[in-house]
Amino acid sequence: MNVNVSIDQSLEANLIHHEAAESSSSSAPQTKNYKRWFHLSIYVFFVLFFQPLATILGRLYYENGGESTYVVTLLSLIGFPVLILFSFFSQTRQPKSTETNFNHSPSFITLASAYMCTGLLISANTYLYAIGLLYLPVSTYSLISASQLAFTALFSYFLNSQKLTPFIINSLFLLTVSSSLLVVNTESQDTTHVSRVQYVIGLVCTIGASAGTGLLLSLIQLLFRKVFKKYTSSVVMSMTIYQSLVASCVILIGLFVSGEWKNLPSEMRNYKLGKVWYVVTLASAAISWQVYTVGLVGLIFESSSVFSNSVTAVGLPIVPFIAVIVFHDKLDALKIFSIVLAIWGFLSFVYQHYIDEKKLMTCHTNYVEDDTQI
């Protein structure tokens, strides 16, 4: 559900070059590697634990009397100030780059336009996701949301000239079939709390949000390649913070214009778990989404987007199985088959990116060797 970060593989060459230069110019103590792996372990925990937790808490809000889709949407965005603290502490640990290139720095208007466009798209996607989470079982919602990877590959083919290799095509096919099985098979779904029309609305909104997320991630890749023309921690963090700020403002405006804010006091009073748990549920969900985002960004900074995608793939089946335990979602043979197909599709996509990154590393190594010989 979270859509804050996506990196084009060609841009990772910049990071690879930076890391290789650091390793060749100085002999870092062994304890530094231990610290790096310690940080990686923390970020992996953040991603694997807090994304399922945030999704479950969002559904828990709905299950116990919550009705505001704007509130659920806001939960995944409003905690972005946490990223400012993360950015501050990250910069204190990293050496400042002495490279400046003002000729390639985009203008203020260009940056503002990029942040506005991506922020508006994020607000639309997260709102559609919130509607899908309202009307669909959590397990079904999570599996259909996984199709965003297929949409990302498809849009990247048109916007970023990404090659449709056999692994990518296999991923597209498997993820499409996985989602389609859940869409066409409504008999086995638990729809006792929603009408048939609401269930269809949930399906349409979740698929639309997944498509919008794929478009967003492809656009971000295009922005890094054509507008920013560099990939650094400061650029990624700035874009993540500012687009979250724009999206939060849009959703806040929607909350007040729609009049849903007037129902929040009575919603708190009538919450099945009580007022205290109403606040705890919302606060925990907001914190969980931002801790997940910190983990996602941290994995990219400490390793690469390939590793980040791999961790996300590993965490894919967590939400459906937790939903079975917490919300008693049905987990029939078809849904299990859908989970297997989705995991297979994720791994196929990640393996292709692993191959691409390995080629980048090889090309960079050859370049460094040739440059040393000269």
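As the structure is a computational prediction, the values presented were derived from the model and not from experiment.
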Would you give the length of the straight line joining atom [atom1] of [X] to atom [atom2] of [Y], rounded to the nearest 0.5 angstrom?
X: Ile201; Y: Ile131; atom1: CD1; atom2: CD1; answer: 8.0 Å
X: Tyr129; Y: Leu136; atom1: OH; atom2: CG; answer: 12.0 Å
X: Leu40; Y: Phe45; atom1: CG; atom2: CZ; answer: 15.5 Å
X: Gln198; Y: Cys205; atom1: CD; atom2: SG; answer: 11.5 Å
X: Met116; Y: Ile109; atom1: CE; atom2: CD1; answer: 13.0 Å
X: Ile241; Y: Leu245; atom1: CD1; atom2: CG; answer: 9.5 Å

### Query
Does the side chain of Phe46 come within less than 4.5 Å of Gln290's, by heavy atoms?
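Side-chain contact under 4.5 Å: no.
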#### Entry: Min side-chain heavy-atom separation Ser145-Thr206 under 4.5 Å
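Yes; the side chains approach each other to less than 4.5 Å.
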Classify the side-chain pair [X]/[Y] by whether it contains a donor and acceptor separated by less than 3.5 Å.
X: Gln243; Y: Thr118; result: yes
X: Thr110; Y: Ser107; result: yes
X: Ser171; Y: Gln352; result: no
X: Ser178; Y: Ser338; result: yes
X: Glu67; Y: Tyr62; result: no

### Query
Just by distance, do the side chain of Ser284 and the backbone of Thr281 share a donor-acceptor pair under 3.5 Å?
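It does not hold such a pair.
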